[in-house]
Amino acid sequence: MAIQVSGITKQFGSYRALDSVDLEVRSGELLALLGPSGSGKTTLLRIMAGLESPDAGSLQLNGEEALGLKPRDRQVGFVFQHYALFRHMTVFDNVAFGLKVRPRAQRLPNAEIKRRVSELLELVQLGHFADRYPAQLSGGQRQRVALARALAIEPKVLLLDEPFGALDAKVRKELRRWLRKLHDEIHITSVFVTHDQEEALELADRVVVMSQGRIEQIGSPADVYDNPASAFVYEFLGQVNRFDCMVDGGLAHIGNGALAIPTDGDVRGAAIAYVRPHDLAVTPAVGGPGRVSGIHVVGPDARVEIELGGLFLEAEMDRERFTSLGMALGDPCSVHIDRARVFAR
Amino acid sequence: MPASSSASALSDPAWMRRLLIATALAFLALFLLLPLVAVFAEALRRGVGAYWTALVDEDALEAIKLTLIVAAIAVPANLLFGVAASWCVAKFDFYGKNLLITLIDLPFSVSPVISGLIYVLLFGLNGAIGPFLKAQGIQIIFAVPGLVLATIFVTFPFVARELIPLMQEQGTEEEEAALVLGAGGWQTFWRVTLPNIKWGLLYGVLLCNARAMGEFGAVSVVSGHIRGYTNTMPLHVEILYNEYNFVAAFAVASVLAMLALVTLVAKSTLEWRFGAELAATRHK
Amino acid sequence: MVATSSADVAFPEKGSAVTSILKKPSVLPGFGLTLGFTLSYLGVIVLLPLGALIAKASGLGWYGFWGAVLTPRVFAAFEVSFGLSLAAAAVNAVFGFIVAWVLVRYEFPGKRLVDALVDLPFALPTAVAGIALSALYAPNGWVGKPLNELFGLKVAFTPIGIAIALTFVGLPFVVRTVQPILQELPPEEEEAAVSLGATRGQTFWQVVFPAILPALVTGFALSFARGVGEYGSVIFIAGNMPGLTEILPLLIVIKLEQYDYAGAAAVGASMLLVSFVMLLILNILQHWMRSRHAR
């Protein structure tokens with residue numbers, strides 16, 4: 001089912017959570033709403049589910065106006081950040097809940113409910129946990145129960161609010177991969193909210209970058225990373241080196257001529273230049289102009305801080321490459337940058 | 001981290017421990033244990049026979065019956081109130097909420113006698129709407145309805161005060177999840193909210209009932225002390241005592257004391273087994 | 001605008017009069033129903049009767065009101081009720097603290113039983129406590145007799161008897177407010193003090209005591225408030241002599257029996273007023289203490 005969001009605005013007192021947001025969610029895609037706290041992403045998700053109502057705008061589910069519909073009539077599945085499992089019901093009863101509360105006319109026979117629930121529990125790999133209570137499960141297991149519960153009612157859309165936010169890093173990575181696989185199997189239109197850009201870039205078909213109630217950019221993960229539409233998007237996705245600069249004749253002049261980097265685009269004059277640490281090549285060079293001011297080896301990566309003409313740069317590279325360069329703290333070095341992204345100041 | 005598991009560097013010397021424990025126990029024995037024991041001792045002073053006679057006395061039985069009737073009306077009514085009040089206070093945010101909560105706490109800061117006084121002023125012979133009701137043949141003061149009203153006033157906060165912090169702590173996410181999954185309002189309440197609050201509810205009802213059966217001051221003011229008609233057990237105790245019928249007075253009192261002990265046991269059991277599920281802010 | 005009007009169906013209460021007081025619309029149902037019921041209940045049970053009290057008391061007019069209140073008998077009753085409640089609350093503050101300390105920090109056989117017993121004054125009907133205390137402290141009672149014979153001390157029918165009854169009813173308040181605070185006190189602070197060279201006494205007075213002081217004051221206030229209004233536990237042991245051992249609630253009852261409704265209302269209203277003011281002062285004191293010792 002496709003979702004069409006038009007001109008949605010939401011205000012909480014004097015705080016504007018969403019400012020005339022337009023968005024189209026394509027049928028069957030896995031879409032990420034990415035942004036820092038306060039960007040409005042969770043509010044937008046809750047409006048789609050019917051848990052909040054907007055002050056203005058329209059929402060269409062499969063071409064039909066949906067704002068007048070109660071959550072139960074929208075056929076959406078919602079997965080809460082902190083799971084919201086029914087603490088006094090077993091895993092089985094949690095998953096079966098949506099099927100058991102249907103009006104008598106639409107309710108499935110008990111045997112059928114049991115079959116479906118068991119199937120879903122197998123799907124989320126919790127088949128043996130049917131009689132456990134939420135308190136007896138780990139965070140990752142609870143999240144999978146929450147997912148199975150939402151899927152039980154055969155929703156047309158799946159909405160997930162920071163689904164992995166409350167989990168350890170390792171569990172988070174596993175569940176990410178698992179969710180992607182699940183989506184590839186069932187192809188249900190899914191929207192998930194996250195503040196973790198790595199998660200969005202890894203999982204989603206398309207990413208919606210939001211800030212302060214507005215959409216900054218919509219595109220595929222590669223798109224938003226390689227061609228960020230604004231300074232905000234560039235800074236939010238991945239590490240950056242950021243400099244004030246003057247653009248003149250196709251070059252960004254940084255510092256007092258300490259660096260001159262080729263740019264593209266038609267920004268002129270005072271601007272901000274961004275360089276990714278990975279795009280910074282460092283080589284030992286007797287006589288400078290730079291000097292290694294810090295070295296951090298973090299697992300398989302090495303981060304090198306360089307002081308150059310009053311500027312502070314950060315480069316990132318493979319540990320092996322770094323070792324082969326044979327540089328130490330205080331060594332003179334030179335820096336080569338292919339290209340900088342430049343945005344008007 | 002409980003302070004009782006602190007390292008030896010923080011332990012008090014043995015002589016101090018013994019002294020403080022002895023002081024505490026002596027204080028409690030004098031003020032709590034002694035009166036409790038006295039009730040039973042005085043009741044059995046003339047032997048079990050006299051004790052039993054006092055209990056099956058006609059007026060005593062009427063008093064017991066009336067106490068049960070009043071409690072049977074007041075407690076369910078306050079249960080309903082408690083659930084309704086805590087639903088709107090805990091699950092919603094609105095202007096005037098603090099005022100409402102203060103209002104709910106009011107009976108705790110008002111003397112029981114004043115609790116009765118206000119009903120006399122409203123429904124009594126010289127009261128605001130008393131004469132009007134009397135003309136309709138409705139008698140509130142010096143009759144059972146008055147007892148029920150005064151009891152309701154004194155005991156209505158118990159369930160609400162127990163449930164409000166509990167439901168606030170539990171939040172609204174489970175209810176929201178139920179609504180999205182397709183449950184209606186009542187379904188959500190019965191299947192999701194109620195099971196989550198059942199122990200807090202039981203606890204509140206327990207305290208409410210103990211107070212309802214034992215209330216004296218408020219009920220005394222509105223009852224008129226009409227023997228066999230508007231006498232609850234506590235009032236009957238007073239009448240017997242004032243007539244110097246000590247054994248009978250303490251016999252009836254001992255039944256109330258046993259009720260108190262049962263309440264204490266049930267209360268402690270609930271606290272011990274379900275402490276985590278009862279409101280953390282219970283002891284205010 | 002299409003959105004806002006059709007959204008009213010999804011958010012059932014939006015737009016109605018009741019929910020204009022909601023700070024934000026909620027998808028949960030039942031607000032109007034439960035609030036309406038709650039307010040009606042409170043209106044009938046609390047507000048209407050209280051209104052009758054205020055109406056009756058103010059019906060006397062300014063001079064009538066103060067005329068009814070500022071009499072020697074009422075004054076004496078104020079002294080008895082408020083003064084002895086203060087004394088009882090003070091006793092409870094000291095001994096209640098010791099009980100809380102012992103229950104939290106020490107182990108001894110039967111501790112759980114003792115802990116449960118502390119709530120007895122909450123559970124025991126006041127009339128039962130009243131006659132028990134009266135029997136105990138009467139000149140021929142278990143405690144009254146030895147006190148009379150050995151020290152010539154009379155307890156029942158004197159202010160001392162009243163104070164004892166008020167101590168009984170207020171006992172759990174201090175214990176139950178101090179206990180959780182003491183329980184939650186992190187041992188690290190005391191350990192820090194000790195490691196810096198403080199003696200046990202210094203650690204107690206400078207680290208532990210200030211931390212529990214707000215709770216102690218709260219417990220004191222609650223015990224005091226309870227004592228002022230107490231009726232059933234006191235009237236049996238009190239003697240009820242005007243000017244000496246007559247408590248305020250009893251005075252109200254007497255006036256009612258004499259059909260002096262206005263007088264009873266006046267005394268009742270003045271009682272509420274004074275209690276309110278004193279508790280306000282204690283609240284402010286607490287607030288000030290909390291802000292100084294914020295953790």
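Here is the naming used below: chain letters follow the sequence lines, and residue numbers restart at 1 for every chain.
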Enquirer: Between B:Asn78 and chain C, with a heavy-atom cut-off of 4.5 Å, which part of the residue counts as in contact: side chain, backbone, both or neither?
Expert: both
Enquirer: Go through the atoms of B:Arg211 and report whether side chain, backbone, both or neither lie under 4.5 Å from a heavy atom of chain C.
Expert: neither
Enquirer: Could you check whether any side-chain heavy atom of B:Pro234 comes within less than 4.5 Å of a side-chain heavy atom of C:Val128, counting everything from C-beta outward?
Expert: no
Enquirer: May I ask you to decide if the ring planes of C:Phe236 and B:Phe216 are parallel, tilted or perpendicular, using 30° and 60° as cut-offs?
Expert: tilted
Enquirer: Given heavy-atom pairs under 4.5 angstrom as the criterion, report whether the side chain, backbone, both or neither of C:Ala225 touches chain B.
Expert: neither
Enquirer: Pick whichever of B:Ser86, B:Ser254, B:Ala85, B:Ala210 has the most heavy-atom pairs under 4.5 Å with chain C.
Expert: B:Ala85
Enquirer: What are the two closest heavy atoms between B:Cys88 and C:Thr38, and how far apart are they?
Expert: SG-OG1, 4.1 Å
Enquirer: Chain B heavy atoms under 4.5 Å from C:Arg226: which part of the residue, side chain, backbone, both or neither?
Expert: neither
Enquirer: Quick one: closest heavy-atom pair of C:Leu256 and B:Val120, and the distance?
Expert: CD2-CG1, 3.9 Å
Enquirer: Check B:Gly185 against C:Pro29 and note the closest heavy-atom contact, atom names and distance.
Expert: CA-CG, 3.5 Å
Enquirer: Hey, what do you get for CG (C:Leu42) to CG (B:Leu100), rounding to the nearest 0.5 Å?
Expert: 6.0 Å
Enquirer: Can you tell me which portion of B:Phe156 sits under 4.5 Å from chain C's heavy atoms? Options are side chain, backbone, both or neither.
Expert: side chain
Enquirer: Side chain, backbone, both or neither: which part of C:Phe37 has a heavy atom under 4.5 Å from chain B?
Expert: side chain
Enquirer: Are side-chain heavy atoms of B:Asp93 and C:Leu22 found at a separation under 4.5 Å?
Expert: no
Enquirer: Checking C:Tyr137 against chain B: side chain, backbone, both or neither under 4.5 Å from a heavy atom?
Expert: side chain
Enquirer: Checking heavy atoms, do the side chain of C:Leu136, its backbone, both or neither come under 4.5 Å from chain B?
Expert: side chain
Enquirer: Angle class for the C:Tyr41/B:Phe81 ring planes (parallel below 30°, perpendicular above 60°, tilted otherwise)?
Expert: parallel
Enquirer: With only heavy atoms counted, which part of C:Ala129 is less than 4.5 Å from chain B, the side chain, the backbone, both or neither?
Expert: neither
Enquirer: Checking C:Phe108 against chain B: side chain, backbone, both or neither under 4.5 Å from a heavy atom?
Expert: side chain
Enquirer: Looking at every heavy atom in both B:Leu121 and C:Ala265, which two are closest together, and how far apart are they?
Expert: CD1-CB, 3.8 Å
Enquirer: Side-chain contact, heavy-atom cut-off 4.5 Å: B:Glu238 with C:Ile235?
Expert: yes
Enquirer: Mind ranking C:Leu250, C:Val44, C:Leu133, C:Ile164 by heavy-atom pairs under 4.5 Å with chain B and telling me who comes out on top?
Expert: C:Ile164
Enquirer: Please report the interatomic distance CZ(C:Phe97) to CG(B:Leu20), rounded to the nearest 0.5 Å.
Expert: 9.0 Å
Enquirer: Can you tell me which portion of B:Ala77 sits under 4.5 Å from chain C's heavy atoms? Options are side chain, backbone, both or neither.
Expert: both
Enquirer: May I ask you to test the C:Ser26-B:Lys91 pair for a side-chain heavy-atom distance under 4.5 Å?
Expert: no
Enquirer: Is chain B contacted by the side chain of C:Leu48, its backbone, both, or neither, given a heavy-atom distance below 4.5 Å?
Expert: both
Enquirer: By a 4.5 Å heavy-atom criterion (distance strictly below it), what part of C:Val143 contacts chain B: side chain, backbone, both, or neither?
Expert: side chain
Enquirer: Between B:Ala84 and C:Thr34, what is the shortest heavy-atom contact and its length?
Expert: O-CB, 3.4 Å
Enquirer: Chain B heavy atoms under 4.5 Å from C:Ser275: which part of the residue, side chain, backbone, both or neither?
Expert: neither
Enquirer: Determine whether B:Leu117 and C:Tyr261 make a side-chain contact, defined as any pair of heavy atoms from C-beta on separated by less than 4.5 Å.
Expert: no
Enquirer: Determine whether B:Phe153 and C:Pro49 make a side-chain contact, defined as any pair of heavy atoms from C-beta on separated by less than 4.5 Å.
Expert: no
Enquirer: Output, in order, the C-alpha distance, side-chain angles, deciding distance and verdict of salt bridge (charged side-chain N to carboxylate O under 4.0 Å, His left out) for B:Asp12 and C:Arg200.
Expert: CA-CA 8 Å; B:Asp12 297 323; C:Arg200 197 78 190 100; 2.7 Å; yes
Enquirer: Could you tell me whether the side chain of C:Leu124 reaches within less than 4.5 Å of the side chain of B:Leu256, counting heavy atoms only?
Expert: no
Enquirer: What heavy-atom pair brings C:Pro125 and B:Gly214 nearest, and what distance separates the two atoms?
Expert: CB-O, 3.4 Å
Enquirer: Heavy-atom distance under 4.5 Å to chain B: side chain of C:Ser134, backbone, both or neither?
Expert: both
Enquirer: Please round to the nearest 0.5 Å and tell me the distance separating atom CG of B:Leu25 and atom CD1 of C:Ile98.
Expert: 11.5 Å
Enquirer: Quick check: do C:Lys23 and B:Phe94 have side-chain heavy atoms less than 4.5 Å from each other?
Expert: no
Enquirer: With a 4.5 angstrom heavy-atom cut-off, could you sort out which part of C:Leu39 is near chain B: side chain, backbone, both or neither?
Expert: side chain
Enquirer: So for B:Leu206, is it side chain, backbone, both, or neither that comes closer than 4.5 Å to the heavy atoms of chain C?
Expert: neither
Enquirer: Quick check for you: to the nearest 0.5 Å, what is the distance between C:Leu28 atom CG and B:Trp87 atom CH2?
Expert: 4.5 Å
Enquirer: Heavy-atom distance under 4.5 Å to chain B: side chain of C:Leu171, backbone, both or neither?
Expert: side chain
Enquirer: Look up atom CD1 in B:Ile21 and atom CZ in C:Arg105, then write down how far apart they are to the nearest 0.5 Å.
Expert: 13.5 Å
Enquirer: Does the pair C:Trp142 and B:Val37 meet the rule for a side chain to side chain contact (heavy atoms under 4.5 Å, CB included), with working shown?
Expert: CA-CA 11 Å; C:Trp142 288 0; B:Val37 170; 3.9 Å; yes
Enquirer: So for C:Leu47, is it side chain, backbone, both, or neither that comes closer than 4.5 Å to the heavy atoms of chain B?
Expert: side chain
Enquirer: What about B:Phe31 and C:Phe95, are their ring centers closer than 6.0 Å?
Expert: no
Enquirer: How far does CG of C:Asp115 sit from CG of B:Leu28, to the nearest 0.5 angstrom?
Expert: 10.0 Å
